[in-house]
Structure formats: structure tokens, C-alpha cells
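We name chains A, B, ... by the order of the sequence lines, and we start the count at 1 in each one. A quick note: this is a predicted structure, and the numbers were derived from the prediction, not measured.
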Amino acid sequence: MIALAGVYLAQLRVHLASQLQYRAALLLYQLSAVVEPVVSLAVWSAVASARGGEVRGYAARDFAAYFVVVMVVNHLTRTWTMNEFDSRIAEGTLSLSLLLPAHPIHNDVSDNLASKLITAPVVWALAGVLSVGFGAVFDLSARRVALFALAALLAFVLRFALEWMVALLAFWTTRSSAFNGLYLTALLFLSGQFAPLGVVPVPLREVADLLPFRWMISFPADVLLGRGGVSWALRGLGAQCLWLAVVVMLLAVVWRLGLRRYTAVGS
Amino acid sequence: MDATAITTRGLSRSFRFTVREPGLGAALRSLLRPTTHEVRAVEAVSFEIGAGEIMGLLGQNGAGKTTLVKMLAGLLHPSSGEVRALGHVPWRREKGFLRRIALVMGQRYRLDWHLPAAESFEMYRAIYRVPRQECRRTLSDLCDLLDLGEVVLKPVRMLSLGERMKCELATALLHTPDLLFLDEPTIGLDVEMQARIRGFLLEYNRRRGATVILTSHYMADVEALCERVLLLDRGRVLYDGDLGALSRRLGTHKTVRVEVAGPAPELGRYGEVVERTATGARLRVPRESVPEVTARLLSEHIVSDLTVEDVPLEEVVRLAFASGVSA
């Protein structure tokens with residue numbers, strides 16, 4: 001465990017140093033990440049105004065608060081291994097990393113954390129600006145923030161494991177971007193990224209309830225915004241843990257099968 | 001340490017792939033009923049490599065060299081046969097095995113492009129769990145041997161190809177592996193840098209007693225480093241043994257270079273003229289006739305220079321593949 005912590009620290013240092021070289025690119029990525037919530041926010045605020053002030057209990061300022069928090073959660077939980085895994089296979093860098101005595105996932109986690117450490121201040125500052133600009137109101141308590149921190153952490157681990165697993169489909173297909181596109185569409189509509197799940201049609205919400213996506217984005221946001229009580233939040237944390245256990249088990253199986261295929265087919 | 005580093009018995013590896021004719025119709029037919037072919041990349045390869053040995057793996061493109069190296073390093077699962085390296089089954093990639101091996105592939109890099117190599121060394125030190133002090137000693141040795149100096153402090157993107165390769169080698173050897181796989185390590189480097197890298201590898205092998213498996217298209221690499229070669233031809237072992245013995249067996253001829261005072265006379269009666277110059281020629285002469293031919297040249301002409309050379313290794317290897325020599 002101590003040795004693994006040492007590996008993480010060393011990898012984090014390298015990734016931080018490396019990513020600081022791409023400051024401008026990182027900032028541009030973050031700016032583009034703002035566009036989506038701003039558009040949703042503007043659209044839903046307009047819909048609320050047109051419907052006499054609110055849509056299913058969401059007033060314009062509630063939409064503003066929701067999308068600002070979703071932007072922050074989305075930043076905290078975003079991963080990008082899916083976009084890179086097929087080229088790692090094609091270019092042979094996966095082979096080199098398989099010969100290291102550390103699982104490649106650790107390097108991806110470090111890379112992800114490094115990028116977040118660098119960009120978080122920008123995203124949070126943008127969240128502040130948007131909150132003021134769109135009149136979002138937050139009623140925060142220490143307990144709510146603590147529950148949010150826990151929910152956001154679990155959301156990150158869950159999303160990381162799930163998206164790493166989707167990335168592994170590149171072991172079986174050379175066109176993994178098609179799967180990635182499908183996954184991202186499902187994520188957009190079923191995670192609460194496109195609209196709060198409280199306002200989407202009932203059948204869509206029922207589907208969302210059966211899938212892990214909402215636990216990765218809308219749940220932490222709802223916890224921070226106090227959409228449910230403490231017991232509701234605790235049940236949600238339990239659901240996150242359950243999904244995490246399922247996804248980690250699946251990931252272990254898919255990784256083993258994928259590696260078997262990789263070492264059987266070669267690259 | 002075990003006396004044997006690698007043992008393989010009947011090691012084979014086949015690949016299946018789909019083939020189709022060009023055209024839309026063929027594409028549709030292939031979708032419904034794909035035609036698969038099987039190619040045997042490595043077939044029934046058996047050999048042993050002693051600890052501390054340097055073995056050259058030679059073969060034409062597609063002979064199965066990289067497939068064999070990947071099986072030995074644990075990146076490919078064999079289709080059949082057995083392989084053990086340093087007492088491990090490679091494809092299980094146990095950490096105890098991975099900590100003792102390194103694979104260096106020419107033109108495949110793992111150092112971060114934007115950072116000085118020194119920055120990445122610390123990461124690999126942690127991954128391989130090399131104690132700090134030991135790592136410092138190894139690094140100082142490697143920097144001396146490879147003449148790295150300030151090179152490790154410059155961002156990798158600023159380095160020349162040779163400097164970059166040297167840094168990659170240092171990274172791969174930071175944990176002082178007992179078994180080193182080198183796949184075309186000098187590819188794309190200039191002659192002087194190739195020589196430096198060869199010198200370094202020999203020295204590393206001497207100091208650490210590491211076993212080295214080398215594949216290279218540069219015969220100079222093989223000649224300088226390997227006493228033993230394994231010739232692969234379409235996946236099968238064509239020859240496994242001493243490089244000098246192969247050279248003697250197939251080098252039935254020698255090259256005699258002769259220069260005379262004044263314009264070159266007709267030299268065809270002394271041997272096959274391979275190349276003609278204004279004042280002499282390069283002749284291909286049967287090994288047993290060399291003493292007689294040189295004596296005649298010296299007595300019949302005013303010779304200004306005369307040298308006798310073995311057939312170049314490139315030609316020996318070409319002859320080996322052409323004649324299908326066996327071990």
C-alpha cells in the first residue's frame with residue numbers, strides 16, 4: 001500500500017509537470033466545458049419563464065444552481081481514457097505499459113487527478129461567475145457539503161471504473177469511437193447532465209433509475225442542492241457503493257478477457 | 001542465479017486473420033462469410049539461453065522475430081509449446097518477473113515528450129521499487145556509460161534521436177534488469193551513435209551479467225554483440241549456434257582486394273571480379289585458393305596494396321537463408 005502510494009505520488013508529479021506544459025490547451029478544454037451547461041441553463045430558464053415561472057418545481061434560479069453544480073461535478077468526475085485506449089493499442093504503448101510492474105489504471109488515475117488539480121481553480125471560478133450571472137442561490141450547510149464531498153468522490157471512482165471499462169472495448173474493435181459515442185449519448189440524457197431528472201419524462205427517469213449514470217452526476221448535485229433529506233442522501237450513497245462493487249467486478253472480468261484477447265491476437 | 005535464463009520447447013504461435021478480394025461485392029460477401037487464413041508466425045522453436053549470454057535473433061521481415069520476442073517477454077500467449085524465462089511463465093506477467101526484465105523497442109518511446117528524462121526516472125524508480133540510494137548509484141553509472149551528462153536535464157522533445165534513445169535505454173535499465181530484450185535498438189541512428197550504444201550494451205552485459213536478446217537489421221550490431229545467433233526463417237529455426245562457425249561454414253569464399261602500381265591489368269583469371277577500380281579490383285576467391293592466388297598476384301604484378309577479408313556477415317546471412325543451412 002505504501003509502495004503504491006509512492007507510485008501515485010511519483011506519477012502525479014510527472015503528470016503535473018507534463019500538463020503544466022499544456023496550460024493553454026487545458027484552459028480551452030475547460031472553457032468548452034462551460035458552454036454546455038450555459039446553453040442548458042439558458043434553455044431551461046426560458047422554458048421555466050414561459051411556463052409561468054417554473055417547470056415541475058424548478059424555477060429559473062434552481063436551474064441555474066443545478067447546472068452550475070452539474071458543471072462542477074462533471075469536471076470532478078470526467079475521464080478521457082476512452083479517447084486514448086485504441087491508439088495505445090495501435091501504437092504499441094499499451095505493450096510497454098503492460099511490462100511495468102504496476103497496473104496501467106494507476107497511471108490513468110494519476111493523470112486524471114493531475115489535470116483536475118490544475119484546472120479545478122478555473123472551473124470553480126467560472127462556477128462562481130455563472131452563479132452570480134444567472135442568479136443561482138445556494139443554501140449550504142457543513143453536513144450537506146460533507147455529504148456532497150463523499151457523493152462526488154464515489155461518483156468519480158464509479159465513473160472512472162465504468163469509463164475505463166468502456167475504453168477496454170478497444171480490445172475487441174478497431175472502431176471503439178462508435179461505442180464511446182453511444183455511451184456519451186446515454187450519459188448525457190440519463191445522468192441528469194442535459195436536464196434535471198426531476199423534469200424529464202417519466203419513462204426516461206425510470207430508465208435512468210435502473211442505470212448507473214445518475215449516480216455519477218445528478219446525485220452529487222442534488223445532494224449539494226438539498227433536493228432530498230439526509231436519509232435520501234445516505235440511501236443514494238449506498239446505491240453508489242452497490243454500483244461501484246458491480247462495475248469494479250465487471251471491470252476486473254473485462255480486463256482479464258481483454259488482456260487474454262490482446263495477448264492472443266497480438267498487436 | 002539460475003544458469004539458464006530462457007528455455008523454450010516447441011514454442012509456436014499462429015495468427016488468424018480475415019482476407020478478402022477488393023471491391024464492394026467482396027466486402028459484402030466477407031461480411032456474411034468471412035474467409036480466414038492462418039499464418040504460423042513462430043513454429044516449434046526450442047532453445048535455451050544461459051544467464052549472461054547475448055543472443056542475436058536474425059531473420060527477414062516477417063520471419064517471426066518480434067512475435068518470438070513478445071512471447072519471451074510475456075506480451076503474447078503461445079499457441080502451443082512451453083516457455084520459461086527467469087523461472088517464470090512470461091505471459092502471466094508476474095510482478096517478480098516484470099521487475100527483472102526490460103524491453104526496448106527502437107522508435108517506441110515511453111519518456112514524456114515535454115519533460116526532462118531525469119523527471120521521469122523518479123517515476124520509474126517508484127514503479128520498480130528501486131531504493132533511492134541504489135537508483136542514484138545506477139543512474140550515475142548509466143549516465144557515465146552512456147555519456148548522458150546534461151542531456152537528462154533537457155526536455156525530451158529537444159533531444160536528438162540518438163540522445164533520446166540513450167535516455168530510453170537508461171530508463172529501461174534503471175532497475176538493472178537481468179533479462180533485456182532489444183528490438184532494433186539502433187534503428188535510425190547514425191553510425192557513431194550505433195557504435196556507442198553497442199559499446200554500452202556490451203559493458204552493461206559484462207558488469208551486470210545480464211542476458212540480452214537482440215534483434216537488429218544492422219549486422220554490425222550482431223557482429224559486435226552476439227557470439228550466438230538464432231536464424232529464423234518463416235517462423236522456424238534455421239540455425240542456432242556460434243556466429244563464427246556459421247561464417248566459416250558458409251563463407252566458402254574470401255574477398256581479396258588488390259591495388260597495383262599503374263593502370264589495373266585484367267585480373268579475372270585470379271578470381272571473380274566483384275568490383276573494378278582504376279588501379280585494381282575486389283576479387284571473390286575460394287577460401288582454399290587464397291594462399292596460391294595471393295602468391296601469384298604478388299609475383300606477377302607490382303602490387304601496392306593487398307588485403308584478404310572474410311565475406312561480410314550480411315552475405316553469410318543471405319547465404320544461410322538462400323541455402324537453408326541447418327544447425
Between [X] and [Y], is any pair of side-chain heavy atoms under 4.5 Å apart?
X: B:Glu122; Y: A:Arg13; result: yes
X: B:Arg93; Y: A:Leu259; result: yes
X: A:Gln11; Y: B:Ile127; result: yes
X: A:Leu100; Y: B:Tyr128; result: yes
X: A:His103; Y: B:Lys95; result: no

Roughly how far, to the nearest 0.5 Å, is the [atom2] atom of [Y] from the [atom1] atom of [X]?
X: B:Met71; Y: A:Thr263; atom1: CE; atom2: OG1; result: 11.5 Å
X: A:Gln21; Y: B:Leu115; atom1: CD; atom2: CG; result: 6.0 Å
X: B:Phe97; Y: A:Leu99; atom1: CZ; atom2: CG; result: 8.0 Å
X: A:Ser110; Y: B:Met123; atom1: OG; atom2: CE; result: 8.5 Å
X: B:Glu168; Y: A:Leu96; atom1: CD; atom2: CG; result: 8.0 Å
X: B:Leu75; Y: A:Tyr262; atom1: CG; atom2: OH; result: 6.5 Å

Largest heavy-atom contact set with chain B, pairs under 4.5 Å, which of [options]:
options: A:Ser18, A:Ala3, A:Ala17; answer: A:Ser18
options: A:Asn107, A:Val14, A:Leu4; answer: A:Val14
options: A:Ser97, A:Ala102, A:Ala10; answer: A:Ala10

### Task
Heavy atoms only, distances under 4.5 angstrom: which of B:Thr66, B:Thr67, B:Asp112, B:Ile101 has the most pairs with chain A? Name it, please.
B:Asp112
### Message
If you count heavy-atom pairs within less than 4.5 Å of chain A, which of B:Arg129, B:His114, B:Arg99 leads?
### Response
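Of the options given, most contacts go to B:His114.
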Are more than 12 heavy atoms, taken from residues, nucleotides or ligands other than [X], located less than 6.0 Å from that residue's [atom1] atom?
X: B:Gln133; atom1: CD; value: no
X: A:Trp172; atom1: CH2; value: yes
X: A:Tyr8; atom1: OH; value: yes
X: A:Arg88; atom1: CZ; value: yes
X: A:Tyr183; atom1: OH; value: yes
X: B:Arg9; atom1: CZ; value: no

